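Note that the structure is predicted; figures quoted are calculated from it, not measured. Note on naming: letters A, B, ... go to the chains in the order of the sequence lines (proteins, then strands), and numbering restarts at 1 for each one.
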Protein chains: 2
Amino acid sequence: MLRLSGNDGERADAARNRRLLLEAAVRIVELHGPEKLTMDEVARHAGVGKGTLFRRFGNKTGLIQALLDQSGRDFQAAFMSGPPPLGPGAAPGERLKAFGEASIRRCEFQGHLLRAAQEGPEALGHPTQRLSRQHLGLLLREAGTTGDVELAAYQLAAYLNAGVLVHLTEERRMPQERLIAGWNELVKRFLPR
Amino acid sequence: MLRLSGNDGERADAARNRRLLLEAAVRIVELHGPEKLTMDEVARHAGVGKGTLFRRFGNKTGLIQALLDQSGRDFQAAFMSGPPPLGPGAAPGERLKAFGEASIRRCEFQGHLLRAAQEGPEALGHPTQRLSRQHLGLLLREAGTTGDVELAAYQLAAYLNAGVLVHLTEERRMPQERLIAGWNELVKRFLPR
DNA sequence: AATAAAAGTGGACCACGGTCCGGTTATAGT
DNA sequence: ACTATAACCGGACCGTGGTCCACTTTTATT
């Protein structure tokens with residue numbers, strides 16, 4: 001029987017192409033902005049067929065998530081096991097504030113990509129989003145919030161949606177500080193007094 | 001100089017085609033569901049060219065908004081000038097609760113269309129959504145909520161987003177009553193105690 | 001009734017996301 | 001080295017949303 005020897009169950013040529021594709025995508029975004037990121041162009045710049053691109057990343061959302069993967073992992077690691085106030089060690093209320101602030105700041109540079117990755121009917125079911133809500137729910141419970149905590153997590157997460165945040169900053173021209181202050185107010189409303 | 005005589009600045013043939021197109025769209029949605037609502041099919045069933053369809057409604061979102069227009073106008077009229085508790089006359093807190101409940105119930109039958117109409121980067125800037133947020137902000141102010149009321153309206157509206165609501169009901173299988181109770185809890189958090 | 005301009009019309013055309021499948025290549029076992 | 005097979009590859013192809021523009025129809029004016 002045949003077995004794979006690549007470290008991730010991925011053949012060497014496939015791994016090479018994944019690298020080429022990601023590099024091409026990064027170059028396109030840096031040079032021409034996220035709106036020019038089309039699947040055809042990525043494949044073309046990588047010198048690879050379109051089928052390969054879709055086999056590697058599933059769809060455009062998957063490609064964008066791969067692009068965001070590094071900073072996404074960093075972010076997850078930070079709030080799951082990093083230093084306070086984002087990570088464990090601080091009071092849950094402080095961690096909630098830090099979580100929102102970090103999310104909002106992340107939108108400054110990656111807002112458009114994040115929005116693209118978060119739109120579509122299935123986005124809310126994606127593991128990354130689930131993890132965020134789970135984390136929010138956990139902190140709320142730790143903080144002693146009563147009632148339907150699961151829904152409360154959805155309510156908090158809804159405000160941190162990249163589509164909302166980008167609209168607020170670009171269309172409504174609200175500075176980050178205001179969005180962060182708004183988040184802190186919101187969090188305070190959820191904490192028991 | 002030429003002038004239009006149609007009541008809405010629309011030529012007779014154009015009005016006829018608008019009617020045909022809307023009827024075709026309604027038929028398609030009723031018969032085969034919203035996912036089968038393609039612009040080509042609508043034009044074909046209406047016996048009209050695609051260019052005409054796009055001239056009338058701008059884009060697919062515009063067509064869907066036109067489909068939702070009737071119930072949307074009813075809803076707006078209800079909370080702007082209808083009977084309490086949705087309309088003026090009731091306490092602002094009660095009106096807020098009624099607003100959310102009505103929004104959530106509307107999603108039961110029109111969720112998928114509403115979601116389609118609300119996705120995309122420009123949806124948050126659409127007049128309908130602006131009006132909703134304005135209304136929420138007004139009620140919050142009337143209720144004596146302090147702080148950044150404008151952002152608070154965004155925070156409330158974010159939970160009533162059709163994408164969120166549909167996900168909650170269909171993916172997470174939450175009953176409407178729970179979503180409504182969650183809304184009431186949320187509203188309570190925004191009211192001064 | 002004739003006229004001219006504004007408004008409307010339709011379908012060819014385009015870009016993009018996504019699928020499919022016959023041919024190719026890397027890999028494990030011999 | 002040879003072979004079998006799973007994984008990979010590329011690009012032709014499709015559906016959909018949206019644009020474009022030469023042609024037709026309505027309408028106010030005369």
Any side-chain donor near an acceptor of the partner, Thr169(A) and Gln176(A), under 3.5 Å
no
Whole angstrom is fine here: how far is it from CZ in Arg44(A) over to P in dG10(D)?
15 Å
On DNA chain C, does the nearest nucleotide to Asp40(A) precede the nearest nucleotide to Gly51(A) from the 5' side, or the other way round? Give the residue.
Asp40(A)
Between dG8(C) and Thr52(B), is there an OP1 or OP2 to side-chain N/O distance shorter than 4.0 Å?
no
Taken to the nearest whole Å, CD/Glu122(B) to C1'/dG18(D) is 14 Å
Sugar-phosphate only, base, or nothing, as touched by Leu37(B) at under 4.0 Å among non-hydrogen atoms
sugar-phosphate
Would you say the ring centers of Tyr159(B) and Tyr154(B) fall short of 6.0 Å from each other?
no
Pick the nucleotide of DNA chain D nearest each of Thr61(B) and Ala12(B); which residue has the one closer to the 5' end?
Thr61(B)
Assess whether atom CD of Glu41(A) is packed by more than 12 heavy atoms of other residues, nucleotides or ligands within 6.0 Å.
yes
Roughly how many Å is it from CZ in Phe54(A) to C1' in dC13(D), rounded to a whole number?
13 Å
Within the structure, does a side-chain N or O atom of Asn17(A) lie under 4.0 Å from either OP1 or OP2 of dC8(D)?
no
Separation of dG11(D) P from Met39(A) CE (nearest whole Å)
16 Å
Do Arg11(B) and dT25(D) share a donor-acceptor pair, side chain to base, under 3.5 Å?
yes
Given atom CZ of Arg16(A) and atom P of dA7(D), what is their separation to the nearest angstrom?
19 Å
What is the distance from CD1 of Ile64(B) to P of dG17(D), rounded to the nearest Å?
9 Å
dG15(D) C1' sits how many Å from Lys50(A) NZ, rounded?
12 Å
Interatomic distance, CG@Leu160(A) vs CD@Gln118(A), rounded to 0.5 Å, equals 9.5 Å
Suppose we call a contact any N or O donor and acceptor under 3.5 Å apart; does that hold for the side chain of Lys60(A) and the base of dG18(C)?
no
Return the 5'-most residue of the pair Asp13(B), Arg55(B) with respect to DNA chain D, ranking by each residue's nearest nucleotide.
Arg55(B)
Cluster link Leu168(A) to Leu114(A), ILVMFWY, side chain under 4.5 Å:
no
Whole-Å distance between dA7(C) P and Arg56(B) CZ?
11 Å
